[in-house]
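Beneath this line is the structure, given in structure tokens, with notes to follow.
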Amino acid sequence: MPDLPDALTLESRLAAAWHNPAHRNKSLALVPLSYELGGRWRRVYGRPSRYAGINGDIYSVQGAGQIECDFKVHDPRYFDDWEQVLRLPIVPASTGGLKAPLIAPLSTVRSGADRAGYVINTGTAPTPLKVVFRGPVTDPYVRAAAGWEIALKGTLRAGQSVVVDAFAGTVMRGSSPVAGLLTRKTRLSSAVLPVGNSDLTFGGVDPTGTALVELRWRNAYYSI
């Protein structure tokens, strides 16, 4: 920094972010700490701890102020700072046979085929998946060839979306938790992408053919 006042201004911003109560509330999810090393940006997840800022000693006056802070990492993996995104539109439902019981007015069964997609974790460690379902769609799901699934029961209207975050263990519609929408077969702890390619499929019922899902993930590593 050119001088001490500039350094103090920047340090005050860091101190405010470090001591933000939202980052220290133990009941909340882990927070990310992003860093750059060797020209690449990555992040770790944990909680900010001890902080010691510029103290006005002779070194800081001479332009060598020091900041020491501890960040307690709660996950052994390192993640790319940017999030990968794959968007899959739904396959429009097709009209099938008559729906029993045959009571007037007769109705037909509509079903949609799976939409396949391939995601690639180019890291060296398994990484959790985040799924964003966007309506209109009924009983949407994402299924993996490995056998696990993330699925909702019920209907999302046009304009509605639900975010299922396997890493945070949350299911949110806007700012409201809606974990009750998950099906009994859904196990968020299993929604992990191994290193390399993963074959996923998206499906549900949407006669309009406008629903879609966003598959989001960060490549993960065991090394810094």
Side-chain angles (χ1 to χ4, degrees), residues 23 26-35 37 40-47 71-91 113-135 137 139-154 156 161-204 211-224:
H23 296 164
K26 293 184 179 181
S27 66
L28 298 179
L30 303 178
V31 298
L33 175 65
S34 300
Y35 66 91
L37 185 64
R40 64 189 183 191
W41 280 91
R42 289 186 179 171
R43 61 168 55 187
V44 291
Y45 287 90
R47 292 193 177 279
F71 188 85
K72 296 182 178 181
V73 177
H74 288 253
D75 190 289
R77 294 166 294 184
Y78 302 83
F79 299 87
D80 280 342
D81 202 34
W82 64 92
E83 195 173 51
Q84 305 286 341
V85 181
L86 175 64
R87 294 178 175 86
L88 296 177
I90 200 166
V91 175
D114 288 342
R115 174 77 72 180
Y118 297 91
V119 299
I120 306 175
N121 173 13
T122 61
T124 58
T127 191
L129 180 67
K130 181 189 294 183
V131 174
V132 183
F133 293 108
R134 298 190 182 278
V137 64
D139 298 335
Y141 59 83
V142 169
R143 292 173 181 155
W148 54 263
E149 71 173 38
I150 293 178
L152 304 180
K153 53 190 177 184
L156 298 180
S161 63
V162 168
V163 181
V164 184
D165 189 336
F167 182 78
T170 57
V171 185
M172 304 294 293
R173 181 163 56 197
S175 59
S176 302
V178 287
L181 294 181
L182 292 179
T183 63
R184 292 184 177 181
K185 291 184 178 180
T186 299
R187 297 291 183 271
L188 295 187
S189 59
S190 300
V192 175
L193 304 176
V195 175
N197 297 343
S198 292
D199 182 5
L200 304 179
T201 55
F202 167 48
L212 61 85
V213 71
E214 293 179 3
L215 307 176
R216 295 176 172 266
W217 74 99
R218 300 177 192 274
N219 301 320
Y221 312 84
Y222 284 125
S223 60
I224 195 169

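Sequence positions, counted from 1, serve as the residue numbers for this chain.
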query: Counting only heavy atoms not in Lys153, do more than 12 sit closer than 6.0 Å to its NZ atom?
result: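 Yes, enclosed.
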message: Other residues, nucleotides and ligands only: do more than 12 of their heavy atoms fall within 6.0 Å of OH on Tyr118?
response: no
task: Take Lys130 and Val163, measure what side-chain contact (heavy atoms from CB on, under 4.5 Å) needs, and give me the verdict at the end.
output: CA-CA 7 Å; Lys130 181 189 294 183; Val163 181; 3.9 Å; yes
On a heavy-atom basis, which atom in [X] and which in [Y] lie closest, and how many Å separate them?
| X | Y | result |
| --- | --- | --- |
| Pro194 | Ser198 | CD-OG, 3.3 Å |
| Ala166 | Leu188 | CB-O, 3.5 Å |
| Tyr141 | Ala151 | CB-CB, 3.6 Å |
| Gly154 | Pro140 | O-CD, 4.2 Å |
| Ile150 | Ala191 | CD1-CB, 3.6 Å |

Side-chain heavy-atom pair [X], [Y] within 4.5 angstrom cut-off:
| X | Y | answer |
| --- | --- | --- |
| Leu200 | Leu129 | yes |
| Val137 | Ile90 | yes |
| Val162 | Leu181 | yes |
| Leu152 | Leu182 | yes |

Quick check for you: to the nearest 0.5 Å, what is the distance between [X] atom [atom1] and [Y] atom [atom2]?
| X | Y | atom1 | atom2 | result |
| --- | --- | --- | --- | --- |
| Gln84 | Asn121 | CD | CG | 9.0 Å |
| Leu193 | Trp217 | CG | CH2 | 7.5 Å |
| Leu33 | Lys72 | CG | NZ | 14.5 Å |
| Ser34 | Arg42 | OG | CZ | 12.5 Å |

With [X], which residues qualify under salt bridge (Lys or Arg N to Asp or Glu O under 4.0 Å), at least two apart?
| X | value |
| --- | --- |
| Glu214 | Arg87, Arg134, Arg216 |
| Arg43 | Asp81 |
| Asp75 | Arg77 |

task: Could you check Leu37 against Ile224 for side-chain contact (heavy atoms from CB on, under 4.5 Å), going step by step and ending with a plain yes or no?
output: CA-CA 9 Å; Leu37 185 64; Ile224 195 169; 4.2 Å; yes
- prompt: For residues Thr122 and Asn219, is any side-chain donor paired with an opposing acceptor at under 3.5 Å?
  reply: yes
query: Between the main-chain N or O of Arg218 and the side-chain N or O of Trp82, is there a donor-acceptor pair closer than 3.5 Å?
result: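 Absent.
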- prompt: What is the ring orientation for Phe202 with Phe133, classed by angle as parallel under 30°, tilted 30 to 60°, or perpendicular over 60°?
  reply: tilted
statement: From the list Val44, Val73, Thr124, side chain to side chain contact (heavy atoms under 4.5 Å, CB included) with Tyr78 holds only for Val44
field: Contacts of type side chain to side chain donor-acceptor pair (under 3.5 Å), residue Thr186, not counting sequence neighbours
entry: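 With neighbours one apart ignored, the set is Thr183.
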message: Please determine whether side-chain contact (heavy atoms from CB on, under 4.5 Å) holds for the pair Val213 and Leu215, giving the CA-CA distance in whole Å, both sets of side-chain angles, and the decisive distance to 0.1 Å.
response: CA-CA 6 Å; Val213 71; Leu215 307 176; 4.3 Å; yes
query: Does the cation-pi check pass for Arg47 over Phe71, that is, NZ or CZ under 6.0 Å from the six-membered ring centre and within 45° of its axis?
result: no
- request: Not counting sequence neighbours, list each pair that qualifies as a salt bridge (charged side-chain N to carboxylate O under 4.0 Å, His left out) and has a residue in residues 175-189.
  value: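 Passing the test, one end in residues 175-189: no pairs.
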message: Checking Phe79 now: which residues fulfil ring pair (Phe, Tyr, Trp, His ring centres under 6.0 Å) with it, not counting sequence neighbours?
response: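 By the ring pair (Phe, Tyr, Trp, His ring centres under 6.0 Å) rule, Phe79 matches Tyr45, Phe167.
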